[in-house]
Amino acid sequence: MEKIIRNLSIGLIILMIFAPLGLLAVGETFGEWGPEEVKEKLGFVPPGLEELSDLWSAPMPDYAFVGGDESMSMSSVAYILSAVIGVVIGGGSCIL
């Protein structure tokens, strides 16, 4: 069991380190659409999405620090921090 947990941990760390590769993507990221993008793609916004879209706002919108510079190195740090936060929250919810 220890070996499995160690291997999974190493895999997660590698994925977190490679998270900034998303910065190389051109255009939009699949599935990370707000109501505006959904309307652009479908021609309308489903009523449930429109009602719930204001319920949650991301702590780090666009994977960036509030008021921070937009250099590649700071963006990479923000992406890695987002990955670490996601792993901690996801792993913590699995433990509970």
Side-chain angles (χ1 to χ4, degrees):
M1 185 69 163
E2 261 183 55
K3 186 176 182 181
I4 293 172
I5 292 173
R6 186 193 64 179
N7 288 342
L8 286 174
S9 299
I10 290 170
L12 282 173
I13 290 169
I14 290 170
L15 288 173
M16 286 187 282
I17 291 169
F18 284 120
L21 288 176
L23 294 170
L24 301 176
V26 177
E28 62 192 29
T29 306
F30 181 80
E32 293 189 8
W33 305 313
E36 300 82 27
E37 290 89 359
V38 171
K39 184 171 185 169
E40 197 175 288
K41 292 184 178 314
L42 297 178
F44 72 100
V45 179
L49 176 64
E50 193 150 30
E51 289 174 20
L52 297 174
S53 65
D54 294 330
L55 182 66
W56 170 260
S57 63
M60 289 177 59
D62 298 325
Y63 303 101
F65 298 117
V66 177
D69 65 9
E70 295 184 17
S71 67
M72 186 65 126
S73 62
M74 286 307 292
S75 295
S76 296
V77 170
Y79 259 64
I80 291 172
L81 182 61
S82 295
V84 170
I85 291 169
V87 167
V88 168
I89 291 173
S93 66
C94 288
I95 292 172
L96 299 175

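The structure displayed is predicted, hence computed values, not measured ones.
The cluster map of Ile, Leu, Val, Met, Phe, Trp and Tyr, joined by side-chain heavy atoms under 4.5 Å apart, puts V88 and I80 in the same cluster. One hydrophobic cluster, built from ILVMFWY side chains closer than 4.5 Å, holds both V45 and L42. Both I17 and V84 belong to a single network of hydrophobic side chains, linked directly or stepwise wherever heavy atoms of I, L, V, M, F, W or Y lie under 4.5 Å apart.
In this structure, CD1 on I4 lies 11.0 Å from CD on E2, to the nearest 0.5 angstrom. Atoms CG and OG, from L81 and S76 in turn, are 12.5 Å apart once rounded to the nearest 0.5 Å. Expressed to the nearest 0.5 Å, how far CG of L49 lies from CH2 of W33 amounts to 11.5 Å.
Side-chain contact between I13 and M16 is present, with heavy atoms from C-beta onward closer than 4.5 Å.
Within the 3.5 Å criterion, the main-chain N or O of G48 finds no donor-acceptor partner in the side chain of E51.
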